[in-house]
Amino acid sequence: DVPSVGSANWSGGLMATRHLIELGHRRIAAITGPEDMMCSLARVDGYRSAMNAAGLPIDPALIRFGDFHPGGGESAGRELLALDDPPTAIFAGTALQAPGVTAAGSAAGLRVPDDLSVVGYDDIALSRWMSPQLTTVHQPLRRMGEEATRLALRLAEGATPDTLRMDLATHLVVRGSTAPFSP
């Protein structure tokens with residue numbers, strides 16, 4: 001019953017995973033945040049939906065819950081890349097996890113995007129400063145803040161919100177961290 005503003009996390013997870021599938025990847029992993037956060041669950045549900053729609057198996061060993069920080073991305077990335085049948089692509093739940101995933105790939109002797117494709121989420125400024133630049137789901141953070149401020153001001157004036165939950169659209173920004181699958 002608490003009014004909130006967020007982004008379309010499920011759609012973002014779906015778009016990120018579809019992009020990797022369209023590039024020919026079939027062993028796609030997902031790393032996200034805490035299992036008790038709705039955004040983490042929604043992003044993984046979007047990932048699962050894209051895999052199901054493409055007729056690809058969902059391997060539970062390729063899904064990791066953790067935190068939204070670089071160290072968590074690196075730790076989960078190392079675990080995933082150490083599997084007997086590692087992923088060729090990883091959807092990281094935030095742009096902050098992505099540098100950790102890239103570091104894990106580098107430690108395993110892999111190059112992004114030649115050997116490992118990586119997609120992040122958020123499209124924060126860091127995404128453009130990574131090398132290669134990060135393919136990411138754009139989350140409209142500024143607009144989310146603006147809408148939340150408007151909502152708070154309406155509530156402070158005693159107005160009743162039209163809706164308790166507002167989810168703003170996301171879209172994929174393709175940069176250099178993804179490439180077609182090459183066996």
Side-chain angles (χ1 to χ4, degrees), residues 1-23 25 28-51 53 63-73 76-77 89-102 112-113 117-157 159-179:
D1 294 338
V2 176
S4 62
V5 177
S7 74
N9 290 294
W10 181 87
S11 294
L14 181 81
M15 282 187 282
T17 309
R18 273 189 183 160
H19 172 67
L20 295 168
I21 292 167
E22 289 167 0
L23 290 172
H25 294 278
I28 302 169
I31 302 170
T32 192
E35 201 165 1
D36 62 351
M37 290 183 69
M38 290 300 295
C39 64
S40 299
L41 296 170
R43 291 172 193 177
V44 169
D45 284 346
Y47 156 85
R48 286 184 178 118
S49 293
M51 296 292 283
I63 300 172
R64 294 288 192 276
F65 289 91
D67 61 34
F68 284 132
H69 302 289
I90 298 176
F91 164 43
T94 69
L96 290 176
Q97 286 176 330
V101 171
T102 300
V112 173
S117 285
V118 178
V119 176
Y121 198 102
D122 295 324
D123 195 24
I124 59 174
L126 173 67
S127 303
R128 291 178 297 283
W129 291 99
M130 289 178 61
S131 181
Q133 290 186 344
L134 183 64
T135 295
T136 184
V137 175
H138 177 80
Q139 179 172 225
L141 296 171
R142 175 183 219 130
R143 182 153 174 247
M144 289 165 58
E146 291 168 353
E147 292 296 337
T149 300
R150 282 187 197 95
L151 178 60
L153 291 172
R154 283 195 304 269
L155 290 169
E157 294 169 350
T160 303
D162 296 332
T163 180
L164 289 179
R165 175 75 182 168
M166 178 186 294
D167 283 326
L168 302 178
T170 56
H171 65 273
L172 186 69
V173 179
V174 178
R175 295 191 180 106
S177 66
T178 56

Nearest-0.5 Å distance, [atom1] of residue [X] to [atom2] of residue [Y]:
| X | Y | atom1 | atom2 | result |
| --- | --- | --- | --- | --- |
| R18 | L23 | CZ | CG | 14.0 Å |
| I31 | I63 | CD1 | CD1 | 11.5 Å |
| I90 | R64 | CD1 | CZ | 9.5 Å |
| T136 | M15 | OG1 | CE | 10.0 Å |

Compare every heavy atom of [Y] with every heavy atom of [X], then report the nearest pair and how far apart it is.
| X | Y | value |
| --- | --- | --- |
| L126 | A95 | CD2-O, 3.9 Å |
| A92 | V101 | CB-CG2, 4.3 Å |
| G6 | R165 | CA-NH2, 3.5 Å |
| A98 | V118 | CB-CG1, 4.2 Å |
| L168 | P140 | CB-CG, 3.7 Å |

Do the side chains of [Y] and [X] get nearer than 4.5 Å, heavy atoms only?
| X | Y | answer |
| --- | --- | --- |
| S117 | F91 | no |
| D167 | S7 | no |
| M37 | T32 | no |
| E35 | L41 | yes |

request  = Apply the test salt bridge (charged side-chain N to carboxylate O under 4.0 Å, His left out) to residues R150 and E147: give CA-CA distance (whole Å), side-chain angles for both, the deciding distance (0.1 Å), then the verdict.
outcome  = CA-CA 5 Å; R150 282 187 197 95; E147 292 296 337; 3.1 Å; yes
Check: [X] side chain, [Y] main-chain N or O, donor-acceptor pair, under 3.5 Å:
| X | Y | result |
| --- | --- | --- |
| H69 | G100 | no |
| R175 | Q133 | no |
| S40 | P34 | yes |
| Q97 | D67 | yes |
| S177 | T135 | yes |

inquiry  = Using the side-chain contact (heavy atoms from CB on, under 4.5 Å) criterion, which residues pair with M51? Sequence neighbours excluded.
reply    = T17, I21, I28, Y47, L56, I58
key: Full working for side chain to side chain contact (heavy atoms under 4.5 Å, CB included) between R128 and D123   = CA-CA 8 Å; R128 291 178 297 283; D123 195 24; 3.7 Å; yes
key: Identified side chain to side chain contact (heavy atoms under 4.5 Å, CB included) partner of S127 from the options L134, V137, V173   =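 Per the side chain to side chain contact (heavy atoms under 4.5 Å, CB included) rule, the option paired with S127 is L134, out of L134, V137, V173.
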CA sep, side-chain torsions, deciding dist, call: Q139, N9, side chain to side chain contact (heavy atoms under 4.5 Å, CB included) = CA-CA 9 Å; Q139 179 172 225; N9 290 294; 4.2 Å; yes
message = Between T170 and H138, does the side-chain hydrogen bond (donor to acceptor under 3.5 Å, both in side chains) criterion hold? Intermediate values first, please.
response = CA-CA 6 Å; T170 56; H138 177 80; over 6 Å; no
message = With side chain to side chain contact (heavy atoms under 4.5 Å, CB included) as the criterion, how do L96 and F68 come out once you've worked through the C-alpha distance, each side chain's angles and the decisive distance to 0.1 Å?
response = CA-CA 6 Å; L96 290 176; F68 284 132; 5.8 Å; no
query = With a cut-off of under 6.0 Å to the ring centre and 45° to the axis, is R43 in cation-pi contact with Y121?
reply =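 Positive - R43 is close enough to the ring of Y121 and near enough to its axis.
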